[in-house]
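What follows is a short report on a single structure.
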Amino acid sequence: LIEQGLFATTALLFSIVLTRLDLRRASPVFNIASMAFGAVALAISAVGLAVVQNPLISCDRVEGGTFFNALLIAYLLPAVLAAFLMRVSRGARPQWYVTAAGVLSLALLFLYACLQTRRFFQGANICESRGMMDVEIWAYSAVWLALGAALLLYGVWRQTQGARIASGLFVLAATLKIFLFDMSGLEGLMRALSFIGLGFVLIGIGLLYQKLVFARRPPAGGGAPDVV
């Protein structure tokens, strides 16, 4: 798992460095090589990290402690680098390449959040055959909602539409899980906490968009404000 993560990390670093070099000194070699390394990172992540070496499927033990473990190197580090690649590629690479880097970052972040949550509750062996406790089922909803809120705050702070879209996807995933799975898979307090947490997050998102994203701006001429 660590080896596959380092392969993906190396490919992403090469792609980022070559993209920056191409911006400074335009070269078809840098251009093609940077996109090729990005494609290699995508392939490694899709095959090696998501399927073959995924500890949930392979049932291999996750090396390291509860938080500082192989999942950091295999999933979180490539996710951060893929997000950085998307940022440096914007305007310098085709839109489909920028979008692919963003999707890769979001997918790796989602895998890290899910696997790390399971690592916290199940220990080093997170094989899917071990089943789940009610508190673990509830924790996935809480983690997805927390990530959605964090990405939304970052997107508003940096005025990044991609982060706000990613936030919406995490919140949508949590909403679907709560209504389709938690209603039947949880009982009592855990079910109530799922709906209460979802309600607070949705209210907070609505208020944040109302106050910061969709806020009325006074016209440049100082006249009456536009009615939205």
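Start at 1 with the first residue, then count along the sequence. Below, each value reflects all heavy atoms present in this structure, side chains not excepted, and no hydrogens, waters or symmetry copies.
Among all heavy-atom pairs drawn from I2 and A70, the shortest one is CG1-CB, 3.5 Å. Of all the heavy atoms in L49 and G5, the pair that sits closest is CD2-N, 3.8 Å. L198 and T175 get closest at one heavy-atom pair: CD1-OG1, 3.4 Å. Considering every non-hydrogen atom in both A50 and I57, the closest pair reads O-CD1, 3.9 Å. Between E136 and Q122, the shortest heavy-atom contact is OE1-NE2, 2.9 Å. Shortest non-hydrogen contact noted between A139 and F121 is CB-CE1, 3.5 Å.
Inter-residue side-chain proximity for L169 and F110 is flagged as unmet; no heavy-atom pair is nearer than 4.5 Å. Considering only heavy atoms from C-beta on, L12 comes within 4.5 Å of L104 through its side chain. Residues L71 and L1 are in side-chain contact: their nearest non-hydrogen atoms beyond the backbone lie under 4.5 Å apart. Here the side chains of T10 and F37 are not in contact, with every heavy-atom distance at 4.5 Å or above. In this structure the side chain of Y112 never reaches within 4.5 angstrom of the side chain of L108, judged on heavy atoms.
Heavy-atom contacts from other residues, nucleotides or ligands closer than 6.0 Å to CZ of F84 number 12 or fewer.
Among pairs with a residue in residues 6-104, those fulfilling disulfide bond (SG atoms under 2.5 Å apart) read C59-C127, at least two apart in sequence or across chains. For residues 51-74, every residue pair satisfying the side chain to side chain donor-acceptor pair (under 3.5 Å) rule, not counting sequence neighbours, is listed here: S58-D60, N69-Q116. Pairs engaging residues 13-22 under the side chain to side chain donor-acceptor pair (under 3.5 Å) rule: S15-Y97, D22-R93 [sequence neighbours left out].
The aromatic rings of Y140 and W144 are tilted relative to each other, their planes meeting at an angle between 30° and 60°. By the 30° and 60° cut-offs, the orientation of the rings of F195 relative to F179 is perpendicular.
In this structure, the separation between CG on L13 and CG on L18 is 10.5 Å, given to the nearest 0.5 Å. Annotation: the span from L115 atom CG to I126 atom CD1 amounts to 4.5 Å, rounded to 0.5 Å. The CG atom of N31 lies 9.5 Å from the CG atom of L23; values are rounded to the nearest 0.5 Å. To the nearest 0.5 Å, the span separating CZ on R118 from CG on L56 amounts to 6.0 Å. Considering CG of L152 and CD1 of I165, their distance stands at 12.0 Å, rounded to 0.5 Å.
Formation of a donor-acceptor pair under 3.5 Å by the R119 side chain with backbone atoms of G65 is found in this model. Side chain of S89 to backbone of M86: no donor-acceptor contact under 3.5 angstrom is found. Within the 3.5 Å criterion, the main-chain N or O of A163 finds no donor-acceptor partner in the side chain of S167. Judged by distance alone, with hydrogens and angles left aside, the side-chain atoms of T160 form no donor-acceptor pair with the main-chain N or O of G162 at under 3.5 Å.
Hydrophobic clustering keeps L106 apart from I44 (ILVMFWY residues linked when any side-chain heavy atoms are closer than 4.5 Å, directly or through intermediates). No continuous path of hydrophobic side-chain contacts links F7 to L85 [ILVMFWY only; heavy atoms under 4.5 Å]. Hydrophobic clustering (ILVMFWY, side-chain heavy atoms < 4.5 Å, transitive): L151 and L111 are in one cluster. Linking Ile, Leu, Val, Met, Phe, Trp and Tyr residues whenever their side-chain heavy atoms come within less than 4.5 Å places Y75 and V62 in a single cluster. By the criterion of side-chain heavy atoms lying less than 4.5 angstrom apart, applied directly or through intervening Ile, Leu, Val, Met, Phe, Trp or Tyr residues, V98 is not grouped with L109; the two fall into different hydrophobic clusters.
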Evaluate Q4 against V47 for side chain to side chain contact (heavy atoms under 4.5 Å, CB included), listing each step before the verdict. CA-CA 10 Å; Q4 293 294 318; V47 178; over 6 Å; no

